[in-house]
Enquirer: 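The structure under discussion is supplied below as structure tokens; questions concerning it will follow.
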2 protein chains.
Amino acid sequence: MTLDTSKVSIKTSLASLFGKNLYEVDGDQLFLDELSQCAQEVTVREGSYIFKEGDPSDYVYVAISGAIMLERSTSKGVRHVFAFLFTGNLLGLSEFSVYSFSAKALNNVTVIKMNKKIIQSIFDRYPTIAKRFHQFTTHVLHYILDQMFIMGQKTAHQRLAHLILDMAHRIGHGTNRFFLPMGRQDIADYLGMSLETTSRGFSHLKKQGIINIENNYKITVLDSAALKEFADI
Amino acid sequence: MTLDTSKVSIKTSLASLFGKNLYEVDGDQLFLDELSQCAQEVTVREGSYIFKEGDPSDYVYVAISGAIMLERSTSKGVRHVFAFLFTGNLLGLSEFSVYSFSAKALNNVTVIKMNKKIIQSIFDRYPTIAKRFHQFTTHVLHYILDQMFIMGQKTAHQRLAHLILDMAHRIGHGTNRFFLPMGRQDIADYLGMSLETTSRGFSHLKKQGIINIENNYKITVLDSAALKEFADI
DNA sequence: CGAGCCCTTGATGCATTTCAACGAATGTGG
DNA sequence: CCACATTCGTTGAAATGCATCAAGGGCTCG
């Protein structure tokens, strides 16, 4: 169980988690050495689960590459998608003994898998790292609050516009062309609408000349200002 | 700026925050002594704000009595209600420099007001307390996730049924009779629906014999099983 | 008693879901 | 390499849910 912390992809992901200048701070190299002892690089194939709702929450994960979907289902089979995660995002930070949702790989995914108990003990000895970690939790809280706001306030098409803007930002990193890793049904279950409404939303934005769609998944934002206006930001 | 930590109401609230056996743990009396130095009991009149969105987030609050509503407004005047808080709930745990929402007193409220910087320094010296505090953050996360799940749920009336069950649990504490501290508009802005739909939802549940309503605010759950069935849990 | 506030109820139109059919892309076996 | 099945997305039509507009009722307080 060792982790190559000199690998660029891993560096990038850890930096986005614990702070950009992680490798510059005094004593952090020690932390990284310890981390590499309790961490492990794992690949997960498209469609399979990193962990499932109800599994003992023994590990914390950091996404290195690929796209992950957090979902939960009711006993009656109704599904809800909580989030889409990408490089640098953290999974499984529950304080509870079991995960309260499942994490599904939308494509081939690599993650860093860290033993929660060991990482906890590391945190006890590196309070600066622990603080950064907990700051991350409140950032997540902040993000979810925004998401809740969107869920409550917007019409279905506006919510979709907001998702596209979010994806353009998180996947496209500023460029206006990106590849959606999830299907229409996933988006529908994320935004709380039907599959058909999602599809109509895409079609509508395309007809308006605001976005372009190739092959269902390849999206280009043609008029970013109009999209923002439409999303009512 | 001193706090009477022997007062029963304060004991109860702190216990619900930091753990039930707070007063029994070794060294925690010391923590409480320090806390009492940086904390203050404050009363807030009905309708006024404990803090507002954009205020510098210098304080953390714990609700002692009364009901609090967390809300946010867009530039265009659209309001969203994030949460209703009661005895023992924590407010203002943002890691950001300003609050990202406002906290309004729904009735006369008393809170413990704690200086964030001082409490932070206390946490540095009492890691056990700090850990409990951060655990609380993830509990909030958990709660909000549930809320998001409900927001994605099918019908408006189902969401309302969820809220009633939640209130029965949190205000009524198991009994089936409780007093709603918020108005129909607040509920509407919380569940992402119109005032009228909220009202119709209440009327519908009343006609079905599932709940009873006196004086608009006094609610009795007559058939808890039916209400759960309706909420589709 | 009247004003003001909040809640309720009704009517109407728009947004969204649901049902259903079709089309595009992908993969499989003959 | 071509039918065929399968999966996923699109589109249309009908039904339903919800918001909006509008009016009325009950409560509280001056």
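Throughout, a chain's letter reflects where its sequence line sits, starting with A, and its residues are numbered from 1. In this text the structure is predicted, and so the values were computed from the model without any measurement.
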Enquirer: For Ile213(B) and dC27(D), what is the distance between atoms CD1 and P respectively, to the nearest whole Å?
Expert: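 After rounding, the reported distance stands at 14 Å.
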Enquirer: Could you check how far NE2 of His157(B) sits from P of dT16(C), rounded to whole Å?
Expert: 17 Å
Enquirer: Among dT18(C), dC18(D), dT10(D), which is the nearest nucleotide to the side chain of Ser194(A)?
Expert: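 Output: dT18(C).
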Enquirer: Can you classify the ring geometry of Phe179(A) versus Tyr217(A) as parallel (below 30°), tilted (30 to 60°) or perpendicular (above 60°)?
Expert: tilted
Enquirer: Taking CZ from Arg184(B) and P from dA19(D), how many angstroms apart are they, rounded to a whole number?
Expert: 16 Å
Enquirer: What is the separation between atom CD on Gln153(B) and atom P on dG17(D), rounded to the nearest whole Å?
Expert: 15 Å
Enquirer: Look at Ser203(B) and dT9(C) and indicate whether a side-chain polar atom (N or O) is within less than 4.0 Å of OP1 or OP2.
Expert: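 Checking Ser203(B) against dT9(C): at least one side-chain N or O falls below 4.0 Å of OP1 or OP2.
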Enquirer: What's the NE2-P distance between His204(A) and dA15(C), to the nearest Å?
Expert: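 The answer, rounded to whole Å, is 10 Å.
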Enquirer: Could you state the CG-C1' distance from Leu195(A) to dT18(C), rounded to the nearest angstrom?
Expert: 12 Å
Enquirer: Can you work out whether Ser199(B) or Thr155(A) has the more 5'-proximal nearest nucleotide on DNA chain C?
Expert: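 Closest to the 5' end, via its nearest nucleotide, is Ser199(B).
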Enquirer: Considering all heavy atoms of both residues, which atom of Asn212(B) and which atom of Lys206(B) are nearest to each other, and what is their separation?
Expert: OD1-CE, 3.8 Å
Enquirer: Mark yes or no for a side-chain to base donor-acceptor pair under 3.5 Å between Arg200(B) and dG17(D), with no hydrogen or angle criteria applied.
Expert: no
Enquirer: Using whole Å, report how far CD of Glu46(A) lies from C1' of dT7(D).
Expert: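 Distance, rounded to whole Å: 13 Å.
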Enquirer: Going by an N to O cut-off under 4.0 Å, is there a salt bridge joining Lys113(B) and Asp58(B)?
Expert: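 Asp58(B) and Lys113(B): not salt-bridged.
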Enquirer: Just how far, in rounded Å, is P of dT7(D) from CE of Met182(A)?
Expert: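 For the pair Met182(A) CE and dT7(D) P, the rounded distance is 22 Å.
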Enquirer: On DNA chain C, nearest-nucleotide positions of Asn215(A) versus Arg159(A): which is more 5'?
Expert: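 Upstream on the strand: Arg159(A).
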Enquirer: Where the side chain of Thr220(B) meets the backbone of Arg177(B), is there a donor-acceptor pair that is under 3.5 Å apart?
Expert: no
Enquirer: Below 4.0 angstrom, N of the basic side chain to O of the carboxylate: do Asp189(A) and Arg79(A) qualify?
Expert: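 Salt bridge: yes.
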Enquirer: Between the base of dC19(C) and the side chain of Glu196(A), is there any donor-acceptor pair under 3.5 Å?
Expert: yes
Enquirer: Counting just side-chain N and O atoms, does Tyr217(B) come under 4.0 Å of either OP1 or OP2 of dC7(C)?
Expert: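 Answer is yes, contact under 4.0 Å.
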